[in-house]
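We count ligands from 1, going down the list as the structure has it; atoms in each ligand are counted the same way.
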Amino acid sequence: MKRCRRYVCLAALTALVLIFLSACGKKQGTGDIRIGVAVYDEYDTFVSELTEAFLADVAEVNAVGTNAPVSVVRYNAAQSQITQNEQVEQMISKGCSVICVNLVDRTDPSMIIEMAREADVPVIFFNRELVEEDLMSWNRLYYVGADAFESGRIQGRTAAAYIKEHPETDRNGDGVIQYVVLEGEAGHQDAIVRSETSVDALIEEGIQIEKLESAIANWNRAQARNRMEQMIETYGEGVELVLANNDDMALGAADACDSREIPEEERPAIIGIDGTKVGLEGVRNGKLIGTVYNDKEGQARAMLQLALAAATGEGMEDLPLTDGKYIRLPYSEITLDNISRLGEEAP
Ligand code: GAL
């Protein structure tokens, strides 16, 4: 089923691209489309997998063998907005016809918008969502991402279902699940929303919960391991559930349990979000009770379709844009149960 959907999407992508490329060839003579891609940090696991998926789609499009190749210029801002602003300036001067930006500081896109507007180069922001007012400030700005509320809701419901099926999660038997939250970057839309919504969903599902602590670990596995080691020091076996804003931090919590040699039956239930390669592996080998799939393939495809449409001016009306600006891909639940059912076809 999933595999079919993927082929349908690829076929749709290829068809769409053929139309764009022939239109582009007619319009611009050379037909060349150069796409600039700027990421906030290439060592971020999810963002790097999203970039890989994007490059694979570009390769697929080029393999169709038309005379209008798509090329990609990539930059890593290494967490500096000043560096990213300079990179965007370079991409514009290198003749990129469209730029995809994964902002370092999602509250500070003003320089990028100003430069792009001056050069009349469209910008697709992705994954790190700028505020609506900034996105609306020019008609050639777009956003591709997902709905953070949905990811938190699915995480909370998945954890609740697990707790109902595994009453032993409440190890001290007090009828209340003591939990901790590992949060992504302060101020990131996904961190803020996921932390709140997953807890709300647990409560809605009728689980009695008690928060022990929440700690910021910036999406990072090593930082999460440190935070979790500190929490193990403080609460011992008292932590029964770990809600992590992403898979890397969930795995960092599992690493802390390993390093403290906590026996299997005394470990907390740990759940992540993203469904990265290591995250899915964590679900398969039982380190995580589940994750929430952040559809990087869908987001990459939407970015490429939008980039080609924005660059050529053709096909914009075929895209599922909300308010003419946003494309958001849905999340889905991943547990050991549906990973094994889907087998090779799992995302
Ligand atoms: C989130 C993702 C995190 C991290 C972050 C970077 O959507 O879940 O793992 O990649 O984006 O902005």
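- Residue-ligand proximity: Glu49 is placed with every non-hydrogen atom at 4.0 Å or more from ligand 1.
- For the atom pair CD of Gln81 and CD of Gln87, the computed distance is 9.5 Å after rounding to the nearest 0.5 Å.
- For the atom pair CE (Met303) and CD1 (Ile327), the distance works out to 10.5 Å, reported to the nearest 0.5 Å.
- Scanning all protein heavy atoms for the shortest distance to atom 10 (O) of ligand 1 gives Asp44 OD1, 2.7 Å.
- For ligand 1, the atoms sitting less than 4.0 Å from at least one non-hydrogen atom of Arg194 are 2 (C), 7 (O), 8 (O), numbered in the order shown with element in parentheses.
- Side chain of Lys325 to backbone of Leu135: a donor-acceptor contact under 3.5 angstrom is found.
- For ligand 1, the atoms closer than 4.0 angstrom to any heavy atom of Asn294 are 7 (O), 8 (O).
- In summary, the atoms of ligand 1 found under 4.0 Å from a heavy atom of His188, numbered by their order in the structure, are 5 (C), 6 (C), 11 (O), 12 (O).
- Under the 4.5 Å side-chain criterion, counting only non-hydrogen atoms from C-beta, Leu306 is in contact with Leu321.
- Atoms CD and OG1, on Glu150 and Thr197 in that order, are 11.0 Å from each other to the nearest 0.5 Å.
- Within the structure, ligand 1 has Asp274 among the residues with a heavy atom less than 4.0 angstrom away.
- Looking at Asp190 next to ligand 1, an N or O pair under 3.5 Å apart turns up.
- Every atom of ligand 1 with a heavy atom of Asn246 under 4.0 Å away is listed here by number and element: 3 (C), 9 (O).
- Using a 4.0 Å cut-off to heavy atoms of Asn127, the atoms of ligand 1 that qualify are 1 (C), 6 (C), 7 (O), 11 (O), 12 (O).
- Side-chain contact check for Thr158 and Glu333: at least one donor-acceptor pair (N or O, by modelled atom type) lies under 3.5 Å.
- Between the side chains of Gln178 and Glu210, at least one donor-acceptor pair of N or O atoms lies under 3.5 Å.
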